[in-house]
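Encoded as structure tokens, the structure appears first; notes follow it.
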Amino acid sequence: MKKVYLGAVAVFVLSLLLLLACTQGGEKRYAPGNLEDLNFSDMNNSLDKSFASRFGVDSALTEYGVPTTLGELGGGMAGLNGICYPQTNFDETFLAYADEGMALQVNLLACGKLGPSRYNTEIPKDIENYKDWIKGIVGRYKGKIKYYQIDSEPNAGSYFENGKKVIRIADEGFMGTKEDFVSLLDAAYSAAKEADPEVKILCCGWAIGDLFNDGPTVEEVNEAVKKAPEIHKSAFEFAEYVMKNGKYDIASFHHNSEYEGTAQSIVNWARQYTDKPIWFDDMASGPNLFRVFNPEDTSALKQKYDIMSDTTNPKYAQVTLEMDALQAEFMTKKTVTSFAAGVDKVFIVWSVDAPSYPLVHFRHFGLIRASDGGKKPVFYTYKLLMEKIDLFTESSKIKEDLYKFSFVDKSPIFVAWSDGGEKSIDVEEYLGTKKAKITHIITLPEETNPLVEIIDSNSILVGSSPIIIEA
């Protein structure tokens, strides 16, 4: 089993770095296909629950039983990272997840040359053929895939201006100006709507780094962007322009930084440029080492990630136990604060750990362990959150350390924690009952079911590990 999952990780890393779903070579004429041979009408599982879910998992692998394992979550969507023009279908992945009741959210990429770690994207030479490709893909999965994202982190990349190369974040990504990208996005949007008027287009998985750590105000963010080095300033200006001028249905962001105030800050900043629903289609499940706009010493955290990457280290077992618990807690706080900020859907990063990934912290963000395919504590905690708060109608922070989720068909549910040390909270007025049902998240590898207890609602002890509170 160990060799099998290490093989899965190798495939996973390659699919992330090289986007193996892409088709190499020059532009080819797109040939539409159909799904008549896939017997959609005979499927045992409806995807309606998945479409409605507010939860997702990034990186929809098909190898080694990953769809079946993720199917145990009981719902949610799966994010398919990259389908390159002019690839005609991804039936195997679609069917593997549909069999588990999980719908796909798919990124469609106009791939060009292969860069150091990913395919660059660009405006195709034959834009009409590209539009036919979009129509073909969307038409092929009409009614079965409702959400497509155009590109991913297009505000990374480069372009030439007055003979000078201008680099946005990295010299790979979308090769062109913000105006070029709007023309590509609008072409894709129009083509997709022609094939299926009900389909929703996401734009565009924006890379935003650590700018929003600690919840800066809109004014502070705008000032930081103005003062930023050109390599970062141009990336934000790119995103701002496209959000204001492009055609799309959902604004999507890569929220790979901290949780305290960050989601609300992202939403507030984005509202200057768009009134569209907001998704975090790529949301890191653990603390990261990104420190561009907010310098901070992360050496202690990096040391722990390094130890987790070395199974021969004498501290490996101890540190892994500690960091697995931290991941479950961090993911819960990040998910709850994101929903409370007004984010509609989140896709957790990612399905399986990636031991060979270049960024050390991203190696350990999976729900599934790479070494043996075992489910990590964060898997069971994510499942618990889905069982408790999915399909909520409203979410809000009602006071420090306490968040409320409202529903059509059941009483409100609350999530609480305290990062400032243990303390007692009184929720009797919110519950309307003398007693409260407390469900603890799962933080230990031997746990699969949460600890549940009934206690007085006017004196609930909370600490750094979140709890779920019900009447």
Side-chain angles (χ1 to χ4, degrees), residues 53-58 76 79 153 202-222 224-225 236 239-240 243 250-288 290-294 296 326-350 361 365 378 381-382 385-386 389-390 392-406 413-419 441 464 466:
S53 177
R54 293 181 177 272
F55 290 82
V57 179
D58 193 30
E153 299 189 351
L202 282 67
C203 176
C204 294
W206 298 116
I208 53 178
D210 68 327
L211 175 58
F212 300 91
N213 279 3
D214 302 321
T217 65
V218 170
E219 292 74 21
E220 289 170 336
V221 171
N222 291 341
V225 170
F236 279 89
E240 293 164 0
M243 280 192 285
I250 297 164
S252 53
F253 297 83
H254 288 182
H255 179 15
N256 292 324
S257 50
E258 302 304 307
Y259 65 84
E260 185 61 44
T262 304
Q264 191 64 67
S265 185
I266 294 169
V267 170
N268 293 346
W269 169 76
R271 286 291 173 238
Q272 298 175 100
Y273 310 108
T274 182
D275 59 359
K276 305 294 185 183
I278 291 176
W279 288 17
F280 290 157
D281 70 299
D282 183 311
M283 190 174 82
S285 60
N288 70 82
F290 289 140
R291 295 296 184 273
V292 174
F293 290 93
N294 295 283
E296 181 182 344
L326 179 61
Q327 182 189 17
E329 294 172 359
F330 187 93
M331 179 279 298
T332 301
K333 296 171 185 178
K334 200 167 185 180
T335 299
V336 168
T337 55
S338 295
F339 287 146
V343 175
D344 280 9
K345 290 181 189 279
V346 299
F347 285 71
I348 209 71
V349 170
W350 35 46
H361 52 287
F365 287 171
V378 69
T381 294
Y382 202 53
L385 287 178
M386 292 175 67
I389 65 172
D390 201 3
F392 67 85
T393 56
E394 185 178 356
S395 174
S396 62
K397 181 178 181 178
I398 57 176
K399 66 178 185 178
E400 193 65 30
D401 304 322
L402 187 64
Y403 296 80
K404 178 182 179 180
F405 292 85
S406 301
I413 290 177
F414 300 84
V415 181
W417 67 84
S418 172
D419 286 328
I441 68 168
S464 61

Subject >> Those residues that, when tested against Ala416, pass side-chain contact (heavy atoms from CB on, under 4.5 Å) (two or more places apart) >> reply: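 Counting only residues at least two positions away or on another chain, Ala416 forms a side-chain contact (heavy atoms from CB on, under 4.5 Å) with Leu402, Ile425, Val462, Ile467, Ile469.
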Subject >> Lys333 atom NZ, neighbour heavy-atom count above 12 within 6.0 Å >> reply: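 Yes - once you tally the heavy atoms of other residues, nucleotides and ligands closer than 6.0 Å, there are more than 12.
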Any donor-acceptor N/O pair, [X] side chain to [Y] backbone, under 3.5 Å:
{"X": "Asp210", "Y": "Val292", "result": "yes"}
{"X": "Tyr382", "Y": "Gly56", "result": "yes"}
{"X": "Lys334", "Y": "Ala284", "result": "yes"}
{"X": "Ser464", "Y": "Asp419", "result": "no"}
{"X": "Lys345", "Y": "Ser53", "result": "yes"}

**OP:** May I have the step-by-step check of side chain to side chain contact (heavy atoms under 4.5 Å, CB included) for Asp344 and Arg54, ending in yes or no?
**Re:** CA-CA 6 Å; Asp344 280 9; Arg54 293 181 177 272; 4.1 Å; yes
Original post:
Would Ile250 and Lys276 satisfy side chain to side chain contact (heavy atoms under 4.5 Å, CB included), going step by step from the backbone distance to the final call?
Top reply: CA-CA 5 Å; Ile250 297 164; Lys276 305 294 185 183; 5.7 Å; no
Between [atom1] of [X] and [atom2] of [Y], what distance do you get to the nearest 0.5 Å?
{"X": "Ile413", "Y": "Leu385", "atom1": "CD1", "atom2": "CG", "answer": "10.5 Å"}
{"X": "Ser406", "Y": "Phe414", "atom1": "OG", "atom2": "CZ", "answer": "7.5 Å"}
{"X": "Phe293", "Y": "Ile208", "atom1": "CZ", "atom2": "CD1", "answer": "10.5 Å"}
{"X": "His255", "Y": "Asn288", "atom1": "NE2", "atom2": "CG", "answer": "9.5 Å"}
{"X": "Ser285", "Y": "Glu329", "atom1": "OG", "atom2": "CD", "answer": "13.0 Å"}
{"X": "Leu211", "Y": "Glu220", "atom1": "CG", "atom2": "CD", "answer": "10.0 Å"}

Which heavy atom of [X] sits nearest a heavy atom of [Y], and at what distance?
{"X": "Val57", "Y": "Phe347", "answer": "N-CD2, 3.8 Å"}
{"X": "Ser252", "Y": "Gly205", "answer": "OG-N, 2.8 Å"}
{"X": "Pro466", "Y": "Val415", "answer": "CB-CG1, 4.3 Å"}
{"X": "Ser338", "Y": "Ala263", "answer": "CA-CB, 3.6 Å"}

**OP:** Over 60° means perpendicular and under 30° means parallel, so classify the ring planes of Phe280 and Phe253, tilted if in between.
**Re:**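 Answer is perpendicular, since the angle exceeds 60°.
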Original post:
Is the Phe339 to Phe55 ring centre distance short of 6.0 Å?
Top reply: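 Yes: the rings meet the under 6.0 Å criterion.
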Original post:
Going by heavy atoms in the side chains, are Thr337 and Tyr403 under 4.5 Å from each other?
Top reply: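 Thr337 reaches Tyr403 side chain to side chain.
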Subject >> Side-chain ion pair, Glu258 and Arg291, N-O less than 4.0 Å >> reply: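 So Glu258 pairs with Arg291 through a salt bridge.
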**OP:** Keeping to residues at least two apart or across chains, list the side chain to side chain donor-acceptor pair (under 3.5 Å) pairs with something in residues 265-274.
**Re:**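 Passing the test, one end in residues 265-274: Asn222-Gln272, Glu240-Tyr273, Tyr248-Thr274, Gln264-Asn268.
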**OP:** Could you walk me through whether Val336 and Phe405 pass side chain to side chain contact (heavy atoms under 4.5 Å, CB included), step by step?
**Re:** CA-CA 9 Å; Val336 168; Phe405 292 85; 4.0 Å; yes
